[in-house]
Asks: 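This is the structure I want to talk about, given as structure tokens.
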Amino acid sequence: MARKPMLALVGRPNVGKSTLFNRLVGQRLAVTDEIPGTTRDRLQGEADWNGLTFWVVDTGGIEVYQPKGSRDLRPLAEGSADFVPQITAQALLAVEEADAVIMLVDGLHGVTAADEEVANILRRTSKPVFIAANKLDDMKMTAAALEFYGMGLGENVFPISAIHGIGVGDLLDDVVAALKKAVEAGAEADDDEAHLKIAIVGRPNVGKSSLLNRLLGEERVIVSPIAGTTRDAIDTKITWHDQPVTLIDTAGIRKRGKIEPGVEKFSVLRALRALERADVALLLLDAQDGVTEQDEHIAGYIADAFRSVVIVVNKWDVLEKDSATMMRFTEAIRARLHFIPYAPIIYISALTGQRVHSVLETADRVYQARFQRVTTGELNRIVRAAIEKHPHPTGGKRLKFFYASQVRVDPPVILFHVNDAKSVHFSYRRFLENQIRAEYPFEGTPIRLSFRDHRD
């Protein structure tokens, strides 16, 4: 499963990282402000250039210190000075995780002591580093970029204007060439990785590391009652029923907007990357808390990534229960997580080991469903019966279905040939999916329905 490469934007505050980020991802996801230090947490988005789709990460900036007499004497945003250590850690971790780095500098101010501190950090990485001398809105100003060659980060210095897009294309041409090399290298490394990979995800302190330890049967991962102990995504390979399985333990994810600056924010990024590398996600819920808003957001991340999912309700042993407790809990989960109705739900206690044996069994069953195929004949029988039972509502031109076929697996993709693809209503897509799942459940696995215009 090919992963998207990652590009990190780093630099001291107020050099234009958020502006460049917005230009690359094509959306105003980052707030820009003239006061240094406005961006306190990292945002990530997808960009596309020269046929390559990649992640872009906007960091909060590295500011080790702002020495007296610095050329940039504007004040930090209110309270930002308190976050300097976190901002530094954030950028350091971004560099560690990224496949390439763009260091933004202010082309008008020249090299500052803070820039030198950032450069000192970047010199330690083997990743390709590109210097973007920003705010050079006039081509006559490009000579100002020459000063930055003296920072000792190679020959990749580009005069740009992030706000106007000047020089950004030339910069991206070289950056994407480096990212493509990273993709090729990663593909070679992943040649033998065709086996079940499970990401254990959830908000902080729901018992992810405890579950991993129970699955491993030994204490390989630190377990702590303190939320957020696990910062990185940790891969552990095991053999289960003579088959290799990779378990990916991740740091807790919090609802966006409630994520603390610094390392914890980066842990979210790693958790999302873990989902990208995984086949199946174990979404851990805390039985004591029920389904929270954060849990809904994490389930949304899983659905957006088209990963298979098992809902694992942990700490089931601590609840006082009666004969209807599990049924009520299941109904509540289905109501809150209605957008992944195909996900199996299991109830465990990582602490006592109660029903933990069912975790890998269920994950493997769900993994197999990712590769299930339905023959074209069977699929069209189901679709014809569905249309006879409930025709598509007419709102003008009558929708006509010609035929359907499953065109791929991992995840399953079903292609419908119709006379007017744009007119297929969302609710009818869901109806067709439900009819297919009634006979072929694809347990725990999302199905992509695609509609294409077809002429008689």
Side-chain angles (χ1 to χ4, degrees), residues 198-231 233-234 236 238 240 247-255 258-260 264 267-268 271 274-275 278 280-302 309-341 343-366 443-444:
I198 303 172
I200 305 174
V201 299
R203 55 192 176 84
N205 208 30
V206 292
K208 296 180 297 300
S209 296
S210 296
L211 175 58
L212 178 62
N213 287 334
R214 179 64 66 171
L215 293 174
L216 294 175
E218 56 185 306
E219 298 293 321
R220 287 199 194 174
V221 179
I222 296 171
V223 180
S224 169
I226 302 172
T229 297
T230 305
R231 295 298 189 186
I234 304 169
T236 307
I238 63 172
W240 181 75
L247 301 172
I248 309 168
D249 182 33
T250 63
I253 307 176
R254 293 187 183 177
K255 181 179 176 182
K258 293 188 176 180
I259 298 167
E260 296 298 324
E264 184 176 347
S267 72
V268 175
L275 285 176
V280 177
L282 302 180
L283 172 58
L284 257 67
L285 308 180
D286 189 323
Q288 300 171 101
D289 300 333
V291 182
T292 68
E293 287 187 21
Q294 291 95 323
D295 296 325
E296 290 184 32
H297 280 268
I298 298 166
Y301 288 137
I302 297 169
V309 58
V310 178
I311 299 171
V312 181
V313 183
N314 191 26
K315 307 181 185 180
W316 192 242
D317 58 308
V318 302
L319 289 190
E320 293 185 9
K321 296 177 283 290
D322 57 36
S323 59
T325 302
M326 186 176 291
M327 181 182 67
R328 289 195 300 268
F329 215 97
T330 298
E331 289 175 351
I333 291 173
R334 293 299 185 203
R336 293 290 295 270
L337 304 182
H338 56 87
F339 48 91
I340 50 171
I345 303 172
I346 56 179
Y347 295 85
I348 71 162
S349 169
L351 182 64
T352 67
Q354 179 185 12
R355 284 192 286 271
V356 170
H357 66 86
S358 66
V359 173
L360 290 181
E361 293 172 0
T362 308
D364 182 62
R365 196 167 66 241
V366 164
E443 184 183 16

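All of these numbers come straight from a predicted model, not from anything done at the bench. Sequence positions, counted from 1, serve as the residue numbers for this chain. Below, all heavy atoms of this structure are taken into account, side chains as well, without hydrogens, waters or symmetry copies.
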Asks: Quick one: do R336 and D295 make a salt bridge, cutoff under 4.0 Å?
Replies: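 D295 and R336: not salt-bridged.
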
Asks: Could you go step by step and tell me if I345 and F329 meet the side chain to side chain contact (heavy atoms under 4.5 Å, CB included) rule?
Replies: CA-CA 10 Å; I345 303 172; F329 215 97; over 6 Å; no

Asks: Please assess V201 against I302 for the test side chain to side chain contact (heavy atoms under 4.5 Å, CB included), listing each intermediate value before the final yes or no.
Replies: CA-CA 9 Å; V201 299; I302 297 169; 3.9 Å; yes

Asks: Are L282 and I198 side-chain neighbours, meaning at least one heavy-atom pair lies under 4.5 Å?
Replies: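 Yes; the side chains approach each other to less than 4.5 Å.
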
Asks: Does the side chain of S349 come within less than 4.5 Å of K315's, by heavy atoms?
Replies: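 SC-SC contact between K315 and S349 ruled out.
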
Asks: Can you spot which of V359, I348, V356 makes a side-chain contact (heavy atoms from CB on, under 4.5 Å) with R214?
Replies: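 Exactly one option meets the side-chain contact (heavy atoms from CB on, under 4.5 Å) with R214, and it is V356.
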
Asks: Could you give me the CA-CA distance, side-chain angles and deciding distance for V206 and L285, then say whether side chain to side chain contact (heavy atoms under 4.5 Å, CB included) is met?
Replies: CA-CA 6 Å; V206 292; L285 308 180; over 6 Å; no

Asks: Would you indicate whether the side-chain heavy atoms of R365 and E443 approach each other to under 4.5 Å?
Replies: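 SC-SC contact between E443 and R365 confirmed.
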
Asks: Got a sec, which residues hit side chain to side chain contact (heavy atoms under 4.5 Å, CB included) with R328, two or more places apart in sequence or on another chain?
Replies: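 Checked R328 against side chain to side chain contact (heavy atoms under 4.5 Å, CB included); matches are D322, A324, T325.
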
Asks: With a 3.5 Å cut-off and no angle check, do the side chains of T292 and D289 form a donor-acceptor pair?
Replies: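 No donor-acceptor contact under 3.5 Å links the two side chains.
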
Asks: What are the two closest non-hydrogen atoms of V309 and A343, and how far apart are they?
Replies: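 Closest approach of V309 to A343: CG1-CB, 3.6 Å.
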
Asks: Looking at every non-hydrogen atom in both residues, tell me the closest pair between W316 and K321 and how far apart they are.
Replies: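 Heavy atoms of W316 and K321 come nearest at O-NZ, 2.7 Å.
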
Asks: Are side-chain N/O atoms of S358 and Y347 paired as donor and acceptor at under 3.5 Å?
Replies: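 Checked: S358/Y347 side chains show no N/O donor-acceptor pair below 3.5 Å.
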
Asks: Are any non-hydrogen side-chain atoms of D286 and R203 less than 4.5 angstrom apart?
Replies: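 They are in contact (side-chain heavy atoms under 4.5 Å apart), so the answer is yes.
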
Asks: Using the rule side-chain contact (heavy atoms from CB on, under 4.5 Å), only one of V291, I340, L284, T362 pairs with I311; which is it?
Replies: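 Exactly one option meets the side-chain contact (heavy atoms from CB on, under 4.5 Å) with I311, and it is I340.
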
Asks: Rounded to the nearest 0.5 Å, how far apart are CG of L283 and CD of E296?
Replies: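 With rounding to 0.5 Å, CG (L283) is 11.0 Å from CD (E296).
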
Asks: Does some side-chain heavy atom of P344 sit less than 4.5 Å from a side-chain heavy atom of V366?
Replies: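 When only atoms from C-beta onward are counted, P344 and V366 do touch, with a gap below 4.5 Å.
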
Asks: Would I248 and I200 satisfy side chain to side chain contact (heavy atoms under 4.5 Å, CB included), going step by step from the backbone distance to the final call?
Replies: CA-CA 6 Å; I248 309 168; I200 305 174; over 6 Å; no

Asks: With sequence neighbours left out, what residues match E331 under side chain to side chain contact (heavy atoms under 4.5 Å, CB included)?
Replies: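 In terms of side chain to side chain contact (heavy atoms under 4.5 Å, CB included), with neighbours along the sequence ignored, E331 is linked to M327.
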
